Trainee: 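Got a structure for you, questions after.
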Amino acid sequence: MYWMDMNPEEIADAVGALGVPNFRIRQVQEWLIRGVRPKDMTNLPKTLREQLDAIPFGGATIYQKRVSPKDGTVKYLFELEDGNLVEGVLMRYSYGNTVCLSTQVGCNMGCKFCASTLEGCVRSLRPGEMLSFLAEIERDEPQVDGKKRTVTNIVLMGSGEPLDNYDNVVTFLKRVTSEQGPNISARNISLSTCGIVPKIYRLIEDAPHVTLSISLHAHSDETRSELMPINRAYPIEQLLEAAKAYVDRTGRRVVFEYALIGGKNDSEADANALANRLKGMLCHVNLIPLNPVKERGLDGVTRAYAYQFQKWLNDRRISATVRREMGADIEGACGQLRRRVLNEIRG
């Protein structure tokens, strides 16, 4: 067991077993909620810190950091205790700061436009590791103007498929929204899935207040199966039925992510067909001009063209926006920075 994977009750049991008074247990809990390692728990006796340090911490440290001079976006590369590297991104908006977190080291889903999946999935991340990413960012980017925290919103849209790491992700969601933890509102958290349909239905029950985002990227099974192997197991009609179940259960709209890929899914006919697929559903389409991955050989579109595609959808009464471009100058897209650093390490 790792310190960062323990909930408050488990921490109390582990620290209480050392024979310390209750106020020391509370102190340790307060430190661990902030992701502080035992050696840095400054109000504890040295002997207790050494005892605590005998249990593996299970967190991450910042391996590399890149800041965009254009928009202040921060790309982090975190190092886990087993030496694996994983990414995170801090994005600044007028309403607060959003962190894009990874849920796995790499990815097994094989989407043809993504760098995260080029080398498969090394392993899934534990809840404490995901929580430690937040703690490291909070320390690196301290709160200002009397605000309680730097991070106000979370999107699980980094490397990995969250529903392929289901139990750990749900545990993370429960802890990150807990009053005894970071206490981030579930309504400020979005989870993006490529479409593991049975687990979408489970998520609706286990985390109904989290915003559901679905990586759609095509209106036909033929194109989507070419781009996203998961579609061969769970075709679009099944996926949309799960999306409708989310809307019915929560009363909230589902967000469909749609990466615009030149010559694949970006014509006016594609916009018409997509609008027909989504007609009548409470939803929003998040259009993303593809950030090309050189190993994939797929082309993106200009932002001007993306706005034209948005207009085609809006004219057909489908809510759609073009995602704001952030971090493009610092390898902000999923998997790009990690892949470059790994290639440098390997020589």
Side-chain angles (χ1 to χ4, degrees), residues 1-66 74-90 97 99 101-105 122-144 147-151 154 158-159 165 168-169 171-184 338 341:
M1 191 63 156
Y2 298 89
W3 281 122
M4 284 300 293
D5 287 336
M6 296 184 194
N7 60 36
E9 293 75 21
E10 291 168 333
I11 293 170
D13 290 342
V15 180
L18 301 176
V20 299
N22 287 338
F23 81 94
R24 291 293 189 203
I25 294 175
R26 289 192 295 273
Q27 287 175 327
V28 174
Q29 288 173 324
E30 290 167 1
W31 284 118
L32 289 175
I33 286 171
R34 291 159 49 197
V36 176
R37 295 172 184 273
K39 65 182 179 64
D40 297 318
M41 297 178 181
T42 52
N43 61 349
L44 300 184
K46 181 180 178 182
T47 53
L48 178 56
R49 280 179 279 158
E50 290 174 346
Q51 287 176 297
L52 298 175
D53 212 26
I55 296 177
F57 185 70
T61 55
I62 297 171
Y63 180 87
Q64 191 177 118
K65 171 185 175 181
R66 302 186 69 183
V74 184
K75 182 69 179 271
Y76 289 98
L77 193 61
F78 297 105
E79 183 174 18
L80 307 176
E81 291 186 357
D82 62 4
N84 275 303
L85 301 175
V86 68
E87 296 169 332
V89 183
L90 174 66
N97 296 324
V99 166
L101 293 182
S102 297
T103 56
Q104 294 178 310
V105 182
V122 178
R123 69 171 177 85
S124 291
L125 295 173
R126 301 189 311 275
E129 290 173 319
M130 290 180 268
L131 285 165
S132 75
F133 300 155
L134 291 180
E136 288 293 300
I137 291 171
E138 292 284 355
R139 272 198 295 275
D140 186 62
E141 296 275 338
Q143 302 93 328
V144 295
K147 296 179 181 177
K148 288 178 61 178
R149 65 174 72 91
T150 298
V151 177
I154 297 171
S159 295
N165 185 20
N168 284 331
V169 166
T171 298
F172 165 76
L173 291 173
K174 290 178 179 177
R175 289 186 58 194
V176 80
T177 56
S178 169
E179 292 183 2
Q180 296 175 294
N183 196 22
I184 293 177
R338 173 178 176 266
V341 169

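Computation of the quantities below employed the complete heavy-atom set of this structure, encompassing side-chain atoms and omitting hydrogens, waters and symmetry-equivalent molecules. Worth saying up front: this structure is predicted, and the values here are computed from it rather than measured.
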Trainee: In chain order, what residues pass the salt bridge (charged side-chain N to carboxylate O under 4.0 Å, His left out) check against Lys65, with sequence neighbours excluded?
Mentor: Asp140, Glu141
Trainee: Sequence neighbours left out, what passes side chain to side chain donor-acceptor pair (under 3.5 Å) with Asn165? Give chain and number order.
Mentor: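 For Asn165 the side chain to side chain donor-acceptor pair (under 3.5 Å) partners, ignoring immediate neighbours, are Asn168.
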Trainee: Side-chain atoms of residues 122-134: list all donor-acceptor pairs with protein atoms under 3.5 Å, sequence neighbours left out, distances to 0.1 Å.
Mentor:
{"unit_1": "Arg123", "atom_1": "NE", "unit_2": "Asp82", "atom_2": "OD2", "d": "2.7"}
{"unit_1": "Arg123", "atom_1": "NH1", "unit_2": "Glu129", "atom_2": "OE1", "d": "3.1"}
{"unit_1": "Arg123", "atom_1": "NH2", "unit_2": "Asp82", "atom_2": "OD2", "d": "3.1"}
{"unit_1": "Arg123", "atom_1": "NH2", "unit_2": "Glu129", "atom_2": "OE2", "d": "2.8"}
{"unit_1": "Ser124", "atom_1": "OG", "unit_2": "Gln104", "atom_2": "NE2", "d": "3.1"}
{"unit_1": "Arg126", "atom_1": "NE", "unit_2": "Asp5", "atom_2": "OD2", "d": "2.6"}
{"unit_1": "Arg126", "atom_1": "NH1", "unit_2": "Glu129", "atom_2": "OE2", "d": "3.3"}
{"unit_1": "Arg126", "atom_1": "NH2", "unit_2": "Gly58", "atom_2": "O", "d": "3.3"}
{"unit_1": "Glu129", "atom_1": "OE1", "unit_2": "Arg126", "atom_2": "N", "d": "2.9"}
{"unit_1": "Ser132", "atom_1": "OG", "unit_2": "Ala60", "atom_2": "N", "d": "3.1"}
{"unit_1": "Ser132", "atom_1": "OG", "unit_2": "Glu129", "atom_2": "O", "d": "2.7"}

Trainee: Compare every heavy atom of Val36 with every heavy atom of Leu32, then report the nearest pair and how far apart it is.
Mentor: CD2-O, 3.8 Å
Trainee: State which residues pass salt bridge (charged side-chain N to carboxylate O under 4.0 Å, His left out) with Glu79; sequence neighbours excluded, sorted by chain then number.
Mentor: none
Trainee: To the nearest 0.5 Å, tell me how far Arg149 CZ sits from Ile184 CD1.
Mentor: 5.0 Å
Trainee: Can you name the side chain to side chain donor-acceptor pair (under 3.5 Å) partners of Glu136, sequence neighbours left out?
Mentor: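 Glu136 satisfies side chain to side chain donor-acceptor pair (under 3.5 Å) with Arg139 only.
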Trainee: Any idea which heavy atoms bring Arg175 and Met6 closest together, and the distance?
Mentor: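 Nearest heavy atoms, Arg175 then Met6: NH2-O, 2.9 Å.
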Trainee: Which pairs, with at least one residue in residues 28-38 and sequence neighbours excluded, count as a salt bridge (Lys or Arg N to Asp or Glu O under 4.0 Å)?
Mentor: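 As it turns out, the salt bridge (Lys or Arg N to Asp or Glu O under 4.0 Å) pairs with a partner in residues 28-38, which skip direct neighbours, are Arg37-Glu81.
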Trainee: Return a table of donor-acceptor pairs under 3.5 angstrom between the side chains of residues 14-25 and protein atoms on other chains or two or more places apart.
Mentor:
{"unit_1": "Arg24", "atom_1": "NH1", "unit_2": "Gln27", "atom_2": "OE1", "d": "2.9"}
{"unit_1": "Arg24", "atom_1": "NH1", "unit_2": "Asn43", "atom_2": "O", "d": "2.9"}

Trainee: Hey, what do you get for CG (Leu44) to NZ (Lys39), rounding to the nearest 0.5 Å?
Mentor: 13.5 Å
Trainee: What salt bridge (Lys or Arg N to Asp or Glu O under 4.0 Å) pairs are there with at least one residue in residues 40-54, not counting sequence neighbours?
Mentor: none
Trainee: I need the full list of side-chain hydrogen bond (donor to acceptor under 3.5 Å, both in side chains) pairs touching residues 7-20, with sequence neighbours left out, sorted by first then second residue.
Mentor: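 Checked against side-chain hydrogen bond (donor to acceptor under 3.5 Å, both in side chains) - neighbours excluded - no pair reaches residues 7-20.
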Trainee: Would Phe78 and Ile62 count as a side chain to side chain contact (heavy atoms under 4.5 Å, CB included) here? Give the steps.
Mentor: CA-CA 5 Å; Phe78 297 105; Ile62 297 171; 3.9 Å; yes
Trainee: Among all residues two or more places apart in sequence or in another chain, which pass the side chain to side chain donor-acceptor pair (under 3.5 Å) test with Glu138?
Mentor: Thr150
Trainee: Could you state the interatomic distance from OG (Ser159) to CG (Leu101), rounded to the nearest 0.5 Å?
Mentor: 11.0 Å
Trainee: Could you report the tightest heavy-atom contact between Pro38 and Phe57, atom names first, then the distance?
Mentor: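 Looking at all heavy atoms of both residues, the shortest contact is CD-CD1, 3.9 Å.
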Trainee: For the atom pair CH2 (Trp3) and CG (Leu52), what is the distance rounded to the nearest 0.5 Å?
Mentor: 5.0 Å
Trainee: In the structure I gave you, are the side-chain heavy atoms of Phe172 and Thr103 within less than 4.5 Å of one another anywhere?
Mentor: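 No - every pair of side-chain heavy atoms lies 4.5 Å or more apart.
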Trainee: When you measure from the side chain of Ser102 to the backbone N and O of Gly158, does any donor-acceptor pair fall under 3.5 Å?
Mentor: no
